Structure formats: C-alpha cells, structure tokens
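In each ligand, atom 1 is the first atom listed, and ligand 1 is the first ligand listed. Only a predicted model underlies this, so the values are computations on that prediction, with no experimental measurement involved. These values consider heavy atoms only, across backbone and side chains, with no hydrogens, waters or symmetry-generated copies.
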Amino acid sequence: METRIYTINENFIDENIINSLGRSLKNGGLVAFPTETVYGLGANGLDTNSIKRIFQAKGRPSDNPLILHIDDIKSLEELCIIENELAYTLAERFWPGPLTLVLKRKDIVPDIITAGLDTVGIRMPNNNIALKLIEAAGVPIAAPSANRSGSPSPTRALHVFKDLEGRIESVIDGGETGVGLESTVLDLTQKDPIILRPGATTFEMLRELIPNLKVDQAILDLNEIPKSPGQKYKHYSPKAKLILVYGEEKDIVDFFNKQTAKDIGILASTEICKSLDVDCLELGSRSNLEEVAHNLFSNIRELDETEVKTIYCEVFNTIGIGAALMNRLKKASGGESIYV
Ligand code: TXA
Ligand code: MG
C-alpha cells in the first residue's frame, strides 16, 4: 500500500482534502493526523474491522484499549453512561484539550475499542485539523498514538511516516505537535477519580475541581502494577538504552563531561548543556518543563537515528507537566538510573 502525505495548515484548512480524508476514515481507511499532544492513527471508531487494522498497523497488543476522539460534547452521551456530573464539568473546562475521560461505555462502543472493559476513554483534541477531520468523518475516531507499538509517540508527520509507511493510507502533515506528550487519562468510574496517565492537564489543574483526586502510584513507581492496561507495556523506548542521571548539578556536569565515547548520547536541560564540553541534545530550560516535554520524543528519535547506543538523560522535577515528563522518562528507561 502506498502511504500518501497531505500537508495541511491548521489555520487555512482545505475543505476538499479534509472531506475526502473524512470519507476515507468513515469507509475503513487509516488516516494519521496531528493533535495538540502527539500524532494519532485514526480509524472509524464504530467499525470493528477498521479498528482491527489499527492494531495490525501498530503491532499493538489487543488487550490495550483505544480512546475515541470526538468533536462535540454532545457525542459523550451517545457513547457513555454518565453517572457523575463531574464528567460535564471537566469536559466544559478542559475540552478541547489534552484530557481523556474514562467513563462507563454504552453498547454502541465496539468491544475491540475497550479490550473487553466496561469503560471507554474519550477525548476532544485541541487541534483544528483533528476536529474538522472528525466532523468530516461523521463518526467518533479511534486513535492511539501513530507510532509502531513500543517506539516513542510521534510529534511530527515524518515520525509517523517512518514508523507506518506502507501500512496506512494517509498521513496529514500539520506540523509539529505542541504538547509533545500524550493526554492525561483520568478514570471517573472509581469512587475517587484517579489519574491513570499524567499529561498536560496536570494534577494541580484537575485538583481544583476534584478535591478527592487520586493518582495511580504506578505512574512514577515502576514497581507498582499500573491500573491502565496500556501502561504496563514497555513504552516510549528508544533503540538505544536510556539511563536517567540523578545528582547535584555540578556532579551531573562532571559526569556528562567524562562521556566522550562516540556511542554515548546526552539529553539535558539548557542549563546543563551550556556547561558541557561534550555534545549534548538540548531539551529546554529547567524552568520551562513544557518546552522539555515538547522536545522529549523528537530528541529521543533524533538520537536513535545516530550510532548512539546509550543515552544519559538528566531528571526533572515532577511539578505540573513534570509528572508526565518523568513518567515517560522512567518508562523509556525501564527503570535504569544512576546517582552521580
Ligand atoms: O494524547 C493522546 O491521548 C493520543 C492522541 C492521539 O489523542 N492518543 C494516545 O492513545 O495516546 P494511546 O492508545 O497511545 O494511549 C491511550 C491510553 C493507553 O495507555 C490505554 O491503555 C489507556 O489510554 N486507556 C484507553 N482506554 C482505557 C480504559 N477504558 N481504561 C483505562 N485505560 C484506558
Ligand atoms: Mg501510545
């Protein structure tokens, strides 16, 4: 199969292209598209055969549920049984945006979406191309991140193309994604709402509306068993071995400066990079973790294209989006770390 790339500017969307890609989706095609978080691999979310193709294209285990993307809050009640008004409060406050709500499913949601669970994850992405595409398709769109299972989520159309060329019909190139990490997954079906995956809709933001908000302990402690099916897999892993480096700033600088071997790569903040004599891929400022999050996956992919076999990466604080950043870094490292 030939994979075609369509370049679309989010501010000047070509209706003809979007409408024809919407039709392709509705009729069983796979279309990768940008969202504000990462690129998604879309299929008709109400059609089992189309959804099966997502699992095949990604090489994704079938016990990992998919989330449905909608363009209108009204679709919520078609897909879910809402037992708690909080769902609407959160949707109105944070949608469109990087928040996936896990709710009780209705029968219209195919079993293959939920991997047999009685809940379904729903979100409304904050990207005009994504919203117009969902509208054009006229059905909810199932979309996991558009990477091959196990590799870092794509933040550029080229990442998608490299992973999925020949496996899907179309990729919409809408430029780099803003957030760079996948959405926050919040389960509203428990007594106390619980964050299953941290993202740009942060604990601090959600806590303002949910006083009894909980966080799955497995998010930052790799010894815990995650409550979300997808979180148990080794994720976001580079081909090179990633090792997290803890310590005082000056000790980290000394340690990095000793790494002169060609097959070692360094990922670090602007503050650390500027003190180094060795090559360093800059993630962004320690005082701007949004910037670090935005760059993380693309920088990991960049190092993976080189001869680097070991990547050392500085650690960051877990405030705000820092929790999501450290969650992805810990998973990518598989728990490998050193103290210097
Ligand atoms: O930002 C995002 O969420 C991106 C963009 C494309 O929207 N999508 C994404 O999808 O990251 P995916 O499939 O790569 O991750 C969805 C996560 C998985 O960890 C999955 O296990 C979890 O959400 N999930 C989905 N449905 C669930 C459910 N009913 N209960 C618990 N976890 C669920
Ligand atoms: Mg994913």
Can you find a non-hydrogen atom of [X] under 4.0 Å from ligand 1?
X: Thr114; value: no
X: Pro125; value: no
X: Arg60; value: yes
X: His69; value: yes

Under 2.8 Å: N/O/S of Ser153 next to the Mg ion (ligand 2): no
[X] heavy atoms, cut-off 4.0 Å: which ligand 1 atoms fall inside?
X: Glu182; value: 1 (O), 2 (C), 11 (O)
X: Ser228; value: 19 (O), 20 (C), 21 (O), 22 (C), 31 (C), 32 (N), 33 (C)
X: Arg123; value: 1 (O), 2 (C), 3 (O), 5 (C), 7 (O)
X: Leu196; value: 31 (C), 32 (N)
X: Ser145; value: 8 (N), 9 (C), 10 (O), 12 (P), 14 (O)

Test: Glu169 and Arg53 ion pair at under 4.0 Å: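 Counted as a salt bridge, because a side-chain N and a carboxylate O are separated by less than 4.0 Å.
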Arg123/Glu182 salt bridge by N-O under 4.0 Å criterion: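 Salt bridge absent between Glu182 and Arg123.
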Check: [Y] and [X] side chains under 4.5 Å, non-hydrogen atoms:
X: Leu196; Y: Ile194; answer: yes
X: Thr184; Y: Thr202; answer: no
X: Asp163; Y: Arg301; answer: yes

Option set [options], criterion heavy-atom distance to [atom], minimum:
atom: atom 25 (C) of ligand 1; options: Gly42, Gly121, Pro65, Pro61; answer: Pro65
atom: atom 29 (N) of ligand 1; options: Thr119, Asp216, Leu186; answer: Thr119
atom: atom 5 (C) of ligand 1; options: Thr37, Leu103, Val185; answer: Thr37
atom: atom 30 (N) of ligand 1; options: Asp118, Thr100, Val102; answer: Val102
atom: atom 6 (C) of ligand 1; options: Gly40, Ala142, Ala32, Pro34; answer: Gly40

Sub-3.5 Å N/O-N/O distance, Arg197 and ligand 1: yes
Residue from Glu271, Glu249, Glu291 passing salt bridge (Lys or Arg N to Asp or Glu O under 4.0 Å) with Arg286: Glu249
CA sep, side-chain torsions, deciding dist, call: Arg105, Asp111, salt bridge (charged side-chain N to carboxylate O under 4.0 Å, His left out): CA-CA 10 Å; Arg105 68 185 274 206; Asp111 290 337; 2.7 Å; yes
Pair Asp187-Thr119, side-chain donor/acceptor within less than 3.5 Å: no
Asn64 contact mode with ligand 1 (heavy-atom cut-off under 4.0 Å):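 Answer for Asn64: side chain.
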Under-4.0 Å heavy-atom contact with ligand 1, by part of Ala143 that carries it: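 Contact part for Ala143 vs ligand 1: backbone (N, CA, C, O).
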Pairwise distance CD1(Ile73) to CH2(Trp95) - rounded to 0.5 angstrom: 6.5 Å
From Ile67 atom CD1 to Thr100 atom OG1, the distance as rounded to the nearest 0.5 Å: 3.5 Å
Verify same cluster id: Leu206, Ile319 (apolar side-chain graph, 4.5 Å): no
